[in-house]
Protein chains: 2
Amino acid sequence: MTETARAATTPAATSGSKSEQAYAAVKARIVDGTYSPGYRLVLAKIAEDLGVSVVPVREAIRRLEAEGLVKFERNVGATVSGIDPTEYLYTMQTLSIVEGAATALSAPLIGAADVARARAVNAEMRECLQHFDPVRFTRLNQDFHSVLFEHCPNPHILDLVHRGWNRLASLRSSTFRFVPGRAHESVDEHEALLQLIESGASPDDIEKAARRHRSATLDAYLAQTNAGSLSAH
Amino acid sequence: MTETARAATTPAATSGSKSEQAYAAVKARIVDGTYSPGYRLVLAKIAEDLGVSVVPVREAIRRLEAEGLVKFERNVGATVSGIDPTEYLYTMQTLSIVEGAATALSAPLIGAADVARARAVNAEMRECLQHFDPVRFTRLNQDFHSVLFEHCPNPHILDLVHRGWNRLASLRSSTFRFVPGRAHESVDEHEALLQLIESGASPDDIEKAARRHRSATLDAYLAQTNAGSLSAH
DNA sequence: GAGTACGAAATCGTATACGAAACACTATGG
DNA sequence: CCATAGTGTTTCGTATACGATTTCGTACTC
C-alpha cells in the first residue's frame, strides 16, 4: 500500500494506454532521480526509449508540466524543473501548509492500530540514523506520513501533499542535502505528533505541530545555506 | 490587471501555439459556464470549432484534467467535472486553507493603497447586494481577494488559489446557488479583514480570519442543503 | 414483452509525415 | 581577435490517416 500511496497523484487510472505509460514512466524517472533537475527531455528520444510515438509523450509531458515537475518552453523543449533554491522554499512552505491541514483533518480518524504502525516506522527511522542511510530514511519518512494521511477525508488536499512530495523528490538527490542534526529532531517530532494525536489534542494544535514539523526542516536548510553563501539566488 | 489575475493558472505563456489556444479557449468556456459540469467534450468537435486538429486539443484537455477541471476516461472521452456536492465541499475546504495561507503571507506586504483599492471594491460589492447582481458580486469578490493576494510571495500557493477559483467557477452558475444572507456577512468580513491587516495583526490571526471567511460560506451552503435534503449524495 | 446478441456509427488512441522555429557552428568582414 | 551573418541540424508543432474501442440501435430469441 505504501508503494501505491507514494505513486498516486492524478486520479487517472493505471490503464495501459501508451499515454499513461509514458506519463508514469517519465514521472517515475523524475521522482527516482534518473532525470535530475535541468535534464533535457527530448520528445523523440523518450518516445524511442519507450517504444511509442511522440504524441503520447507530449501528452504525458504536458500533464507533468501541470503538476509542476516539468518546465515546457515553446519551440525549445521540456526540462525537469527544480534546481532553484527558491523553488525549494516555495514547495516546502506550501507543503508545510497542506500537510498541516491534512494531518489535522486526518487526526480524528486515526486509530490505535495506525499509531502503532507509525511508531514502528519511526523506530526504523531511528535505526537509519545509526547506519546513516538517508535514502531509506526519506522513504520511511514518507511512509510515516502516509500512515497519518491514509484516512484524510479530503482527497484534494491529499493530492496536494503527494504533488509536493513528488516535487521534493525531484529535487532531493541532486541539489539539496541532509541537514544532519535535523534528522534526529525529526523523529522526535514524529513521536510528539503521535502523542498529540493519541491524546486527542485539538485539530488546531495538531495542525500547528505538523506545520512546524515541516517548516523546521526548511529553516534548518535555510540556516545552513545562509551560513555558506547568503545570496539567495 | 484583475483580468489577468483571474485568468492565470499554469505558468505556460500565452504564446500563440494552437495547443495554448485550445487550452485557453476550453478553459474559458468551462470557467464562464458555456460548458457546464457533465458537458461532454468531444475532441473532434472542439477541434473543428477552434479550427485546429485534434492533437492540440487532446493536449489541452490533458492539462485541464491535471488541474481538476475535466475528467478524462479512457476510450470514452472527456467531461467537465464538477456537479458533485462532495466535490464542492472538498474544493471549498481546500480553498479555505490555501486562501488563509495566502492572505497571511501577503498581509505584511499590503500597503495603504492596496487597502484603499480593496475597500473600493468592497463598496461596489455592497451596491451589488442592493441591486441583486450575483454575477457581478462574484466577480468583484475575486477582485477583492486578488488585491489581497497580489503581493503573495509564494507563487505556488497563489496558483492553488487560482485553481480553486476556477473549479468553483465551473460549478457556480449551474448547481450551487447563493445563500442570500451569507453575501451580507461576506462584505462585513471583508472589512474586518482589512482592519486586521491595517492594524498589523499577527499572521496567525489573519490566517484564521481569512480561513473562517471561506469556511463560513461553505457552512452556510451545507446548512441550507441539509435543511432541504440531508442525504449527501 | 424482456433480455440478449449482433452490427453500424461515433469517438478515441496513436503512428507517421511534414512544415516551422530555435540552436550551433562556420565563415567572413571589421 | 571579436562580432556578425549565413547555413545546416536538431527538435518542436500540428495535420492527417487509420486501427481500436465503446456505444447505441435494431433484430432476434425465449
Side-chain angles (χ1 to χ4, degrees), chain A residues 10-30 34-81 83, chain B residues 10-30 34-81 83:
Chain A
T10 302
T14 325
S15 75
S17 92
K18 311 234 174 160
S19 168
E20 293 293 341
Q21 179 195 337
Y23 171 74
V26 175
K27 180 165 172 178
R29 280 171 174 71
I30 293 175
T34 308
Y35 298 155
S36 38
Y39 185 93
R40 181 95 186 277
L41 298 168
V42 178
L43 297 182
K45 194 164 173 303
I46 295 175
E48 196 188 341
D49 283 357
L50 299 176
V52 301
S53 82
V54 294
V55 178
V57 175
R58 279 183 66 85
E59 259 186 49
I61 297 222
R62 279 298 205 204
R63 284 214 270 164
L64 292 168
E65 183 196 19
E67 285 179 31
L69 288 176
V70 161
K71 197 170 150 238
F72 205 54
E73 264 177 307
R74 154 119 181 161
N75 275 326
V76 174
T79 53
V80 177
S81 65
I83 296 184
Chain B
T10 301
T14 325
S15 74
S17 89
K18 311 234 173 161
S19 167
E20 294 292 340
Q21 181 194 336
Y23 170 75
V26 174
K27 181 165 169 178
R29 281 171 172 71
I30 293 175
T34 308
Y35 298 155
S36 39
Y39 185 93
R40 180 94 187 276
L41 298 167
V42 178
L43 297 181
K45 195 164 174 302
I46 295 175
E48 197 188 343
D49 284 357
L50 299 176
V52 301
S53 83
V54 294
V55 178
V57 175
R58 280 183 65 85
E59 259 186 47
I61 298 226
R62 258 345 209 310
R63 284 215 268 165
L64 292 169
E65 183 196 19
E67 285 179 31
L69 288 176
V70 161
K71 198 173 148 232
F72 205 54
E73 266 177 306
R74 154 117 183 165
N75 276 325
V76 174
T79 52
V80 177
S81 64
I83 297 186

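Letters A, B, ... are given to chains in the order of the sequence lines, protein chains preceding strands, and every chain is numbered from 1. These figures come from a predicted structure and were not determined experimentally.
At whole-Å resolution of the value, CD1 in A:I61 and P in D:dT11 are 13 Å apart.
From B:I30, atom CD1 reaches atom CD of B:E67 across 9.5 Å, with rounding to the nearest 0.5 Å.
Within the 4.5 Å cutoff, the side chain of A:V70 has no heavy atoms near those of the A:T79 side chain. Looking at heavy atoms from C-beta onward, A:R63 lies in side-chain contact with A:E20 at the 4.5 angstrom threshold. The closest side-chain heavy-atom distance from B:V42 to B:I46 is not below 4.5 Å.
Under the 4.0 Å criterion applied to side-chain N and carboxylate O atoms, A:E65 and A:R62 are assigned as salt-bridge partners.
Under the ring-ring contact (aromatic ring centres under 6.0 Å, His included) criterion, the residue pairs touching residues 39-64 of chain B are B:Y35-B:Y39, with sequence neighbours excluded.
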In 5'-to-3' order, the base (B), backbone-only (S) or no-contact (-) status of each nucleotide in nucleotides 12-19 of chain C, using a 4.0 angstrom heavy-atom cut-off, is SSBBB---
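Looking at B:S81, its side chain does come within 3.5 Å of a backbone N or O of B:G68 through a donor-acceptor pair.
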Would you list the protein and nucleotides 5-9 of chain D atom pairs, both N or O, that sit under 3.5 Å from each other?
none

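Of all heavy-atom pairs between A:K27 and A:L69, the closest is CG-CD1, 4.2 Å.
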